[in-house]
Asks: 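Next up is a structure, given as C-alpha cells.
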Protein chains: 2
Amino acid sequence: MKLAEAKTQFIQEWGTFGSKWGVNRTMAQAHALLLVSAEPMSAENVMEELNISRGNANMNLRALIDWGLIRKTHISGERREFFYAEKDIWKVTRQVIKERKRRELEPLRNMLTEVGEGIQEESPQAEEFKKMVNELRKFSSSADVMLEKMVKSEQQWIFESLMKFMVK
Amino acid sequence: MKLAEAKTQFIQEWGTFGSKWGVNRTMAQAHALLLVSAEPMSAENVMEELNISRGNANMNLRALIDWGLIRKTHISGERREFFYAEKDIWKVTRQVIKERKRRELEPLRNMLTEVGEGIQEESPQAEEFKKMVNELRKFSSSADVMLEKMVKSEQQWIFESLMKFMVK
DNA sequence: TTGAACTTTCAGAAATTATTGAAAGACATA
DNA sequence: TATGTCTTTCAATAATTTCTGAAAGTTCAA
C-alpha cells in the first residue's frame, strides 16, 4: 500500500467516523490530515489536500481551533498562517471530552433539573416521568464526575487502571 | 410547570441532544417518549405525540428495536403492536455502548490496522503517518477493552468505583 | 378466501446541513 | 496611505439527510 492512498483512506474514514458522531465531515477530515502531517500546513495546503474551498477550509480550521484540537503557528519568512494538531492522543481525548461535556452534556443536565422540579401532579404518568427524569439525573451526575476526573487526569493510565479494577 | 409541557421539553431536548451525537432526531424523541411513558404505546400514539407520519414512526421504532432500546409487546384484546422502552438506565447505556462499538468503533479499528500495515516507504512523512496510526491503534485497543468490560458489567457501580479509584 | 386492521416499504418531496466564492476586512511593507 | 497578501464572512447554492404518504405486504377472524 502506498503512503498517499493509505493517507487518503485514513482521512476519508476518519471523516465518515466523525459524521456518525455528529461532527462535520470536513472538520474531521482536516483534523485527520493534520494529525498525520509531519509539518504544520497552510490553509492553502489543506484546501488542496481535501479539495475544498477557501471558505470551507477557514471555517473548519477555526472550528478545530475552537475545539482546542489544533493551533496556529508561523513559519519564519512566511506571511501566512500554518496549522498543526495536538498529537498526544490522550490529550486529544481529554479535550474532546471536555468540549462535548461543556457544549452538550451540561445543557442536557440543566434541562433534566429544570423539568424534574416543580411538577405537582401525582398521576401515575407524572410519577413515571419524575422517576425517569430523576434516574437520568442521577446517572448523568455520576457520568459527569467521572468525565471531569478524566479531563483532569494527566495520564492515559486511567484506561489500564480501570481495566485492572474491573477484572472480576 | 405542567406535566405536558415538561414532557414536551424533555422530548424536544433529548431529540436535539441525540442529533448532536449523530442520532436521528426523531428516533431520539421517540426513545424519550417511551422512556417516560408509564404504559407501552402504539405506533398511532407515537405518531400523534410527535406529530410524525406513519412511515416515519415505523422506521424509527424499528431502528430503536435494532438498537436494542425498545421492544414490541401485545396487549390482550388488542390487535396492534405496542412498544415499550428499557428503563434501567445502566442497561440502556451498556446497550448504546455495545451498538456504537460494533457499528462504528470496530470498522474504524479495522481501518487503522489496514492502513498501518504494509507501508514500506521510510520518508519522514511516512514515519509520521505510521506513528500516528499506531498511536491511534494502541489507544483504540485500550478503549475497546474498557468498553467491552463496561458492556459486560452488571452494575452501574463502575462509575462509583472509577471515581473512588481516581481520587488521587 | 375474503376483507378489515394493521405494518412495512420506498420514491419523491421537504427540511436540514454544509459548501462555495466573491467581497470585505486585516495586516504588513514600502 | 497605497498596495499586495492573506484571512474572514456570509448570502446563495448544493449536498445530504430525513420525512411523507400511498401502495404493497401481512395477519387473522369469520
Side-chain angles (χ1 to χ4, degrees), chain A residues 11-34 39-67 70-84 100 103-104, chain B residues 11-34 40-67 70-84 103-104:
Chain A
I11 291 167
Q12 291 304 316
E13 296 202 28
W14 197 264
T16 301
F17 179 72
S19 77
K20 285 186 184 168
W21 285 77
V23 175
N24 179 295
R25 175 178 271 104
T26 301
M27 175 173 151
Q29 288 177 344
H31 190 216
L33 178 61
L34 291 172
E39 304 291 339
M41 295 178 78
S42 67
E44 203 80 21
N45 293 159
V46 174
M47 287 164 61
E48 285 161 8
E49 292 281 338
L50 303 181
N51 288 301
I52 59 175
S53 69
R54 183 170 303 283
N56 195 8
N58 184 273
M59 286 190 300
N60 282 296
L61 288 168
R62 186 153 45 75
L64 283 167
I65 290 172
D66 291 345
W67 274 81
I70 70 172
R71 288 163 178 262
K72 282 183 186 176
T73 187
H74 290 277
I75 288 184
S76 68
E78 289 272 9
R79 173 138 170 207
R80 65 218 146 123
E81 297 170 318
F82 286 76
F83 302 88
Y84 66 98
R100 295 209 88 146
R103 297 167 188 236
E104 295 147 11
Chain B
I11 291 167
Q12 291 303 316
E13 297 203 26
W14 197 264
T16 300
F17 178 72
S19 78
K20 285 185 184 169
W21 286 76
V23 174
N24 180 295
R25 175 178 271 103
T26 302
M27 175 172 151
Q29 288 178 343
H31 189 215
L33 178 62
L34 291 172
M41 294 179 78
S42 66
E44 202 80 20
N45 293 159
V46 174
M47 288 165 60
E48 285 162 9
E49 290 283 339
L50 303 180
N51 287 301
I52 59 176
S53 69
R54 183 171 302 283
N56 196 8
N58 182 275
M59 286 189 299
N60 281 295
L61 289 168
R62 186 153 44 76
L64 284 166
I65 290 172
D66 291 343
W67 274 81
I70 70 172
R71 287 162 179 263
K72 282 183 184 176
T73 187
H74 291 277
I75 288 182
S76 67
E78 289 273 9
R79 172 138 171 207
R80 65 217 147 125
E81 297 169 318
F82 285 76
F83 302 88
Y84 65 99
R103 297 167 187 236
E104 296 147 10

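Letters go in sequence order (proteins before strands), and every chain restarts at 1. Atom set for the values below is all heavy atoms of this structure, side chains included, hydrogens, waters and symmetry mates excluded.
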Asks: Nearest whole Å is fine: how far is dA12(D) C1' from Met59(A) CE?
Replies: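 For the pair Met59(A) CE and dA12(D) C1', the rounded distance is 13 Å.
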Asks: Please confirm whether the shortest side-chain N or O distance from Thr26(A) to OP1 or OP2 of dA18(C) is below 4.0 Å.
Replies: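 Answer is no, no contact under 4.0 Å.
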Asks: Need one value for Arg62(A): base, sugar-phosphate or nothing, where a base atom within 4.0 Å counts as base even if backbone is also close, heavy atoms only.
Replies: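 It contacts sugar-phosphate atoms only.
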Asks: Using a cut-off of 4.0 Å on non-hydrogen atoms, how would the nucleic acid contact of Glu81(B) be classed: base, sugar-phosphate, or nothing?
Replies: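 Touches sugar-phosphate only.
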Asks: Contact class for Arg79(A) vs. all strands (heavy atom < 4.0 Å): base, sugar-phosphate, or nothing?
Replies: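 If one applies the 4.0 Å heavy-atom cut-off, Arg79(A) turns out to touch a base.
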Asks: Mind listing the closest non-hydrogen atom pair of Gly15(B) and Gln29(B) along with its distance?
Replies: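 Reported closest heavy-atom pair: CA-CG, 3.8 Å.
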Asks: Between Met47(A) (CE) and dT19(C) (P), how many Å, whole number?
Replies: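 For the pair Met47(A) CE and dT19(C) P, the rounded distance is 14 Å.
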Asks: What is the separation between atom CG on Asn58(B) and atom C1' on dT18(D), rounded to the nearest whole Å?
Replies: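 To the nearest whole Å, that distance equals 15 Å.
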Asks: Phosphate oxygens OP1/OP2 of dT17(C): is one of them under 4.0 Å from a side-chain N or O of Lys20(B)?
Replies: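 Looking at the OP1 and OP2 atoms of dT17(C), neither is under 4.0 Å from any side-chain N or O of Lys20(B).
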Asks: Taking the minimum atom-to-atom distance to the side chain of Arg25(A), which one of dT17(D), dT17(C), dT9(C) wins?
Replies: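 Per side-chain heavy atoms of Arg25(A), the pick is dT17(D).
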Asks: Measure the CG-OG1 distance between Leu64(B) and Thr26(B) for me, rounded to the nearest 0.5 Å.
Replies: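 Separation between the atoms: 10.5 Å.
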Asks: Please state how far atom CD in Glu44(B) lies from atom C1' in dC6(C), giving the value in whole angstrom units.
Replies: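 Taking CD of Glu44(B) and C1' of dC6(C), I get 9 Å after rounding.
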Asks: 5'-most contact on DNA chain D: Ser53(B) or Phe83(A), nearest heavy atom basis?
Replies: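 In this pair, the answer is Phe83(A).
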Asks: Round to a whole Å and report the spacing from CZ of Arg54(B) to P of dG21(D).
Replies: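 It is 11 Å, rounded to the nearest whole Å.
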Asks: At what distance, to the nearest 0.5 angstrom, does CD1 of Ile52(B) lie from CG of Asn60(B)?
Replies: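 These two atoms lie 6.5 Å from each other.
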Asks: Within this structure, what is the CZ-to-P distance between Phe82(A) and dC6(D), rounded to whole angstrom?
Replies: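 Going from CZ in Phe82(A) over to P in dC6(D) covers 9 Å.
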Asks: Which atoms form the tightest heavy-atom contact between Met27(B) and Trp67(B), and what is the distance?
Replies: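 So the two residues come closest at CE-CD1, 3.4 Å.
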Asks: Over how many whole Å does the gap from Asn60(A) atom CG to dT8(D) atom C1' extend?
Replies: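 The distance from CG of Asn60(A) to C1' of dT8(D) comes to 14 Å, rounded to the nearest Å.
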Asks: Is any side-chain N of the basic residue among Glu104(B) and Lys20(A) closer than 4.0 Å to the acidic one's carboxylate O?
Replies: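 Here Glu104(B) does not pair with Lys20(A) in a salt bridge, since their nearest N and O are not under 4.0 Å apart.
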Asks: Could you check how far CZ of Arg80(B) sits from C1' of dA5(C), rounded to whole Å?
Replies: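 To the nearest whole Å, that distance equals 10 Å.
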Asks: By the 4.0 Å heavy-atom rule, please label Asn24(A) as base, sugar-phosphate, or nothing.
Replies: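 The residue Asn24(A) makes sugar-phosphate contact but no base contact.
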